[in-house]
Amino acid sequence: MPDHVMNLTVNGRKVKRPLGENYRLLDFLREELHLTGAKEGCGAGECGTCSVFVDGKLVKSCLMPTLKADGATIETVEGLAPLDSLTEVQRAFHKTGASQCGYCIPGMVMAATAALRENPEADFEEIKERLGGNICRCTGYAKIFEAVEIARDVIAGRLPQTALEPDAAAESFIGASVRRIDAPSKVTGRLKYAGDMIMPDMLHMQVLRSPHAHARIVSIDTSEAEALEGVACVITAADVPGEDGFGVFVHDQPIMARGKVRHVGEAVAAVSAESVEIARRALGLIKVEYEELPAVFDPEEAMRPGAPVIHDYAPDNLVKHIPIRKGDVEAGFAEADLIVENTYSTQQIEHAYLEPEAGLAYVDPDGVVTIHSPSQNITHHRHMLAKIINRPINKVRFIMSPVGGGFGGKEDMIYQGMLALAAMKSGRPVRLVFTREESIIASAKRHPARITYRMGLKSDGRITAVSFRMISDGGAYGMSTEGVMRKAAILAFGPYEVPNLKVDTYGIYTNNTPSGAFRSFGAMQTQFATESHLDLCAEKLGLDPFEIRRRNMMKIGSTTHTGQMLETCSMEEVLRVAEEFCRWERGAPTSRGATRSDLGGPDTRKPCTLGARFKMPEAEESKQEVA
Ligand code: FES
């Protein structure tokens with residue numbers, strides 16, 4: 001019903017607009033009225049970032065057809081308080097620091113406001129329940145719930161307004177808790193993320209993605225798509241004027257598939273059009289002929305002779321092998337009383353930042369190709385892009401937009417090149433915002449790993465030798481794999497000193513979604529294996545899990561397996577505190593940071609149950625059993 005005219009009251013203002021192609025209330029608010037405080041996190045009613053009030057009721061605007069809101073009174077986060085002032089809820093979020101990346105925060109503020117409007121005396125449990133439809137990926141919920149409780153008490157007069165003021169300035173910023181300077185723009189929804197940015201004459205990009213894991217591209221015909229009214233340009237690998245390759249270590253990834261596709265979801269072509277709807281229609285008119293190739297999805301299979309080759313330059317599918325050797329491993333195993341071997345697996349993990357990938361590119365009046373995007377590595381991106389588009393470095397500019405959660409997942413340059421090419425080809429600004437599905441299918445993930453541990457120990461728990469072999473699935477492109485393999489090898493044995501050690505980490509190409517940077521950068525996989533294996537060895541030796549760690553931990557003066565002598569080391573203290581908390585000596589910590597005994601609760605002191613809680617798999621064992 002494109003000719004229908006909508007009549008609404010939005011933030012106290014009468015609005016009369018054609019419905020246009022904005023079928024969801026969220027699109028109408030964002031694209032027609034430019035009220036971008038309501039954000040799209042999932043597009044499926046799960047995350048709550050798009051929450052607004054419709055006739056006083058909290059709704060998820062991504063689920064509401066615009067027509068259904070005709071005649072309604074809408075209130076968005078921008079309408080909660082006049083410019084330059086904040087509601088008690090917003091001030092409380094500022095006070096407690098409940099706005100890290102901030103992408104979820106406008107939705108959280110709306111849900112908190114709804115909770116206190118509906119029940120001004122809502123207790124902690126009810127607040128938790130009422131905010132249950134909103135997801136935060138980085139602040140965590142403790143500060144958010146604390147903010148709502150403070151706002152509730154200030155509104156009810158139980159706390160003075162000064163409870164929302166900043167704490168008195170400390171003498172030094174070091175060690176002091178400081179307020180986030182960007183919190184007001186986050187709690188009011190006024191901060192502009194890349195997907196919120198709008199420029200005059202702006203085009204909208206949509207991307208055609210591969211349905212195949214491994215296939216040769218026989219031909220691409222974009223003529224029908226280009227002829228569709230409203231389409232400004234279609235780009236493919238043929239439009240790249242320079243050296244078409246990017247990546248953090250090895251530049252093996254083209255801007256769009258060149259000659260063949262290597263994973264499902266790889267970009268093949270991109271359309272820029274007057275609207276997202278037209279661009280989507282045009283994607284359906286692009287004809288791609290593929291010739292499917294054998295694919296490989298398991299890194300150990302990809303290492304075998306005869307496995308499908310994913311990149312011609314790497315016939316063995318090896319992205320990177322990092323070996324580290326220390327001492328004499330065979331001699332170390334020979335002097336052991338017990339040898340324990342086991343294999344540990346970790347899975348692929350999605351970053352799931354609330355802000356999906358987005359960017360806006362244009363060529364400025366001085367001919368500088370300019371890209372706004374939440375890139376976590378803009379200097380590197382800039383240098384790579386200059387080569388790809390064959391422009392001098394001073395004609396390429398990257399501007400880092402606010403990052404609505406990254407966790408390492410926005411270090412790789414997977415879409416900025418397409419935006420730059422389209423802006424150059426069309427001569428107009430171009431914006432791309434991934435759907436949640438695209439974000440999941442096309443962005444890098446945490447490396448899945450399979451780690452085989454072999455450890456030799458004396459009967460008193462001292463380690464004599466370790467052999468550590470990690471096979472990681474790097475996916476279709478190198479991205480950060482080399483760095484992750486280096487870090488995994490360096491951190492392979494954690495904070496423990498081993499006299500004889502053999503470490504091998506391998507990053508392997510497969511036809512899976514590429515793996516890339518993710519918080520901890522290889523440490524998570526290795527530490528999971530190391531700490532699990534130590535528990536297993538402690539169980540075999542009848543030792544306390546803390547004791548086996550104490551006997552092997554690094555101290556000041558220890559030398560790491562990469563030859564670094566430690567001048568400081570807090571491992572002993574870390575272990576002491578971890579032990580104290582594991583044994584629940586002060587009572588189990590609650591979700592709000594206090595302990596039960598602090599709150600006058602029952603004594604929950606228990607012996608350490610570390611070994612019992614993690615039931616270890618059966619491991620291979622050799623040499624004599626230890627009494
Ligand atoms: Fe909640 Fe980042 S602050 S998702």
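Just so it is clear, the structure is predicted and the values come from calculations on it, not from any experiment. Counting starts at 1 for both ligands and their atoms, in listed order.
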Minimal non-hydrogen separation, Glu350 against Lys445, with atom names: OE1-NZ, 2.6 Å
N/O/S from Cys101 sitting under 2.8 Å away from atom 1 (Fe) of ligand 1: no
Heavy-atom nearest neighbour in the protein, as seen from atom 3 (S) of ligand 1, with distance rounded to 0.1 Å: Thr139 OG1, 3.1 Å
Atom 4 (S) of ligand 1: nearest protein contact (heavy atom, Å): Arg137 N, 3.0 Å
Electrostatic pair Lys143:Glu146 at N-O distance under 4.0 angstrom: no
Whether His351 and Phe518 hold their rings parallel, tilted or perpendicular, with breakpoints at 30° and 60°: parallel
Side-chain heavy atoms of Tyr193 within contact of Pro356, under 4.5 Å: no
Side chains of Tyr141 and Ile135 in contact at under 4.5 Å (non-hydrogen atoms): yes
Run the numbers for me: atoms of ligand 1, each under 4.0 Å from some heavy atom of [X], listed by number.
{"X": "Gln100", "answer": "3 (S)"}
{"X": "Cys104", "answer": "1 (Fe), 3 (S), 4 (S)"}
{"X": "Cys138", "answer": "2 (Fe), 3 (S), 4 (S)"}

Gly405 touching ligand 1 at heavy-atom level, < 4.0 angstrom: no
Cationic tip of Arg486 above Phe249 ring, under 6.0 Å, 45° of axis: no
